[in-house]
There are 2 protein chains.
Amino acid sequence: MGRLQTFDSTTVVQSARDVFWDLGYDGASLADLEAATGVNRSSLYHAFGSKRGLFDAAVADYRDTVIRPRLRGLQADGAGRPELIAYFDELREAVGRLPLDSPRRGCLLVNCATGLASHDEPAREVVEAYRTDLASALRHALAGAALAAADDRSDRTDERVRTLASLSMSAMLLARVNAAESAALLTTAADQVRAWFPAPPPATR
Amino acid sequence: MGRLQTFDSTTVVQSARDVFWDLGYDGASLADLEAATGVNRSSLYHAFGSKRGLFDAAVADYRDTVIRPRLRGLQADGAGRPELIAYFDELREAVGRLPLDSPRRGCLLVNCATGLASHDEPAREVVEAYRTDLASALRHALAGAALAAADDRSDRTDERVRTLASLSMSAMLLARVNAAESAALLTTAADQVRAWFPAPPPATR
DNA sequence: GTTATAGTGAAACGAACGGTACAGAACATT
DNA sequence: AATGTTCTGTACCGTTCGTTTCACTATAAC
């Protein structure tokens with residue numbers, strides 16, 4: 001039928017995603033996106049329609065390749081105390097591992113919350129969906145942990161979900177401002193989980 | 001010596017502050033600032049030197065007129081449980097009172113955390129100073145509350161400071177995304193304080 | 001090989017940006 | 001009233017923005 005696309009859409013979207021992650025939607029210029037992807041703007045427009053179209057593709061990729069794997073442990077059947085602790089430990093490790101000038105510091109969607117999402121309804125909905133997903137995953141694992149521990153404070157579940165979601169989001173918010181404090185917030189979250197649910201006896205065989 | 005300034009600098013700075021609060025530093029154009037302040041750009045440049053100079057003045061005003069009054073109760077001598085609860089109640093009331101499209105939703109400096117502060121060192125320092133001020137004020141009031149309650153969990157102070165600061169910042173982050181959840185986070189913060197410290201007996205005479 | 005289709009690159013579009021130059025208006029000083 | 005300084009409005013500066021146009025090239029189908 002005609003000439004085939006010479007670039008790989010996935011890698012282009014991921015390169016663009018990192019630019020948006022770093023600079024935000026408004027802050028990322030077409031020149032930045034051309035440089036990062038190695039693709040001319042006319043080809044980007046041909047493939048994605050507009051800057052916004054490319055951004056939407058980048059957000060979709062972010063949800064699929066960054067957020068979803070992170071929450072998977074919490075969402076698994078039988079998830080509970082260990083999965084909660086692992087979630088916060090892994091997130092803290094990721095925050096600490098990145099160099100201070102990494103474009104990937106923080107969370108693309110948390111960054112959107114005070115940017116695009118303030119005055120753009122579709123963007124607001126994406127951020128809200130992220131928050132809901134996070135809260136649901138935490139709630140699921142908290143319920144599992146309470147069940148395993150025969151915890152009698154399940155009336156506190158809403159409080160605990162909000163506390164842990166809060167610590168996660170604040171840590172992402174602070175990732176570029178104070179990386180040490182960002183990590184400390186995630187440590188605090190894991191410590192809270194440990195305090196709420198008694199440590200199980202060490203496994204024997 | 002010559003003609004006097006015909007506008008009031010304070011009101012101009014506060015008008016500009018609300019524009020930056022709503023749109024962010026990059027999002028606010030000179031045309032927006034002219035319209036909101038009623039002052040021509042040449043006068044703004046004469047008085048403030050640059051867009052950034054006006055922004056810095058707006059941030060200084062924000063710290064003086066918005067943040068400082070909010071934290072004053074927490075910082076007072078003898079502040080404790082009631083001041084902590086009042087802080088979160090008042091903040092929640094402020095979040096709920098504003099219309100959804102108010103330019104003042106959320107926190108100017110929290111908004112900066114993912115914007116300017118990501119790549120501008122002076123802005124980063126201002127946001128970090130805000131965070132340390134908030135944490136210090138919470139710590140002071142938490143210490144007072146622990147003292148009054150003869151609380152034996154003072155080893156948990158760091159955790160509690162981080163939890164409450166986290167809930168405050170997350171609430172500001174979510175103010176434009178989900179006002180109800182933003183208020184719920186602040187309610188949760190007040191509930192945490194109530195749970196940590198036993199309610200004092202009702203005052204008698 | 002011809003043809004139709006589709007990706008690519010350079011150049012340029014109008015709009016909006018932050019910032020400035022300058023003439024003139026306004027006021028304190030003399 | 002004359003003078004000198006400062007504030008203000010218009011108009012424009014060069015730059016950058018997202019987007020589009022168009023000629024060109026490459027390739028699949030025939």
Side-chain angles (χ1 to χ4, degrees), chain A residues 1-59 111-112 115-123, chain B residues 1-59 103 111-112 115-120 122-123:
Chain A
M1 287 287 277
R3 185 177 175 180
L4 299 180
Q5 202 176 44
T6 58
F7 58 84
D8 177 53
S9 289
T10 302
T11 61
V12 163
V13 167
Q14 294 186 349
S15 299
R17 177 200 67 184
D18 287 355
V19 174
F20 287 125
W21 198 340
D22 188 24
L23 304 175
Y25 178 75
D26 286 321
S29 71
L30 262 294
D32 294 331
L33 295 165
E34 282 181 305
T37 61
V39 173
N40 189 277
R41 61 184 63 192
S42 71
S43 301
L44 293 176
Y45 271 81
H46 183 83
F48 301 101
S50 64
K51 182 186 180 183
R52 184 56 183 266
L54 177 56
F55 177 76
D56 291 341
V59 169
N111 296 352
C112 278
L116 249 200
S118 292
H119 296 88
D120 180 279
E121 178 59 20
Chain B
M1 286 289 277
R3 185 176 174 181
L4 299 179
Q5 203 176 42
T6 58
F7 57 84
D8 177 54
S9 289
T10 301
T11 61
V12 163
V13 167
Q14 294 187 349
S15 299
R17 177 200 68 185
D18 288 354
V19 174
F20 286 124
W21 198 340
D22 188 23
L23 304 175
Y25 178 75
D26 286 320
S29 72
L30 263 294
D32 294 330
L33 295 166
E34 283 181 305
T37 60
V39 173
N40 190 277
R41 64 181 62 192
S42 70
S43 301
L44 293 176
Y45 271 81
H46 183 83
F48 301 101
S50 65
K51 182 186 179 183
R52 184 55 182 266
L54 178 56
F55 178 75
D56 291 341
V59 169
N111 296 352
C112 278
L116 249 199
S118 292
H119 297 89
D120 180 279

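As a basis for the values below, the full set of heavy atoms in this structure was taken, side chains included, without hydrogen atoms, waters or symmetry mates.
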Atom CZ of F48(A) and atom P of dG18(D) are separated, to the nearest Å, by 16 Å
When rounded to whole Å, the CD to C1' distance for the pair E34(B) and dC17(C) reads 12 Å
d(L44(B) CG, T37(B) OG1) to nearest 0.5 Å is 4.5 Å
Under the criterion side chain to side chain contact (heavy atoms under 4.5 Å, CB included), I'd like the reasoning laid out for R52(A) against L116(A): C-alpha separation, chi angles, the key distance, then a yes or no. CA-CA 11 Å; R52(A) 184 56 183 266; L116(A) 249 200; 4.1 Å; yes
From NZ of K51(A) across to P of dT20(D) the rounded distance in Å is 14 Å
When rounded to whole Å, the CG to C1' distance for the pair N40(B) and dG24(C) reads 14 Å
Which part of the nucleic acid does Y25(A) contact within heavy-atom distance under 4.0 Å: base, sugar-phosphate only, or nothing? nothing
Rounded to whole Å, the CG-P distance (L33(A) to dT19(D)) equals 11 Å
note: L54(B), atom CG; dC17(C), atom C1'; distance rounded to Å ~ 16 Å
Fill in: Short side-chain to backbone donor-acceptor contact, D32(B) and S29(B), under 3.5 Å
yes
Of T6(B) and Y45(B), the one whose closest nucleotide on DNA chain C sits nearer the 5' end is Y45(B)
Worksheet item: In terms of ring plane angle, is the pair Y25(B) and F55(B) parallel, tilted or perpendicular, where the classes change at 30° and 60°?
Response: perpendicular
Atom CG of L44(B) and atom C1' of dT8(D) are separated, to the nearest Å, by 11 Å
Rounded to whole Å, CZ of F20(A) lies from C1' of dG18(D) at a distance of 12 Å
5'-most contact on DNA chain D (nearest-nucleotide basis), G38(B) vs A31(A), goes to G38(B)
Q: Report yes if at least one side-chain N or O of S42(B) is closer than 4.0 Å to OP1 or OP2 of dT8(D); otherwise report no.
A: no
Heavy atoms of P122(B) and D120(B) approach each other most closely as CD-OD1, 3.1 Å
Open item on the list: Whether the side chain of R41(B) and the base of dG19(C) hold a donor-acceptor pair under 3.5 Å is what I'd like checked.
Closed with: yes
* Asked: Within the structure shown, what part of the strands sits under 4.0 Å from S29(A) by heavy-atom distance: base, sugar-phosphate, or nothing?
  -> sugar-phosphate
### Message
At 4.0 Å (heavy atoms only), tell me whether L30(A) reaches a base, stays on the sugar-phosphate, or touches nothing.
### Response
base
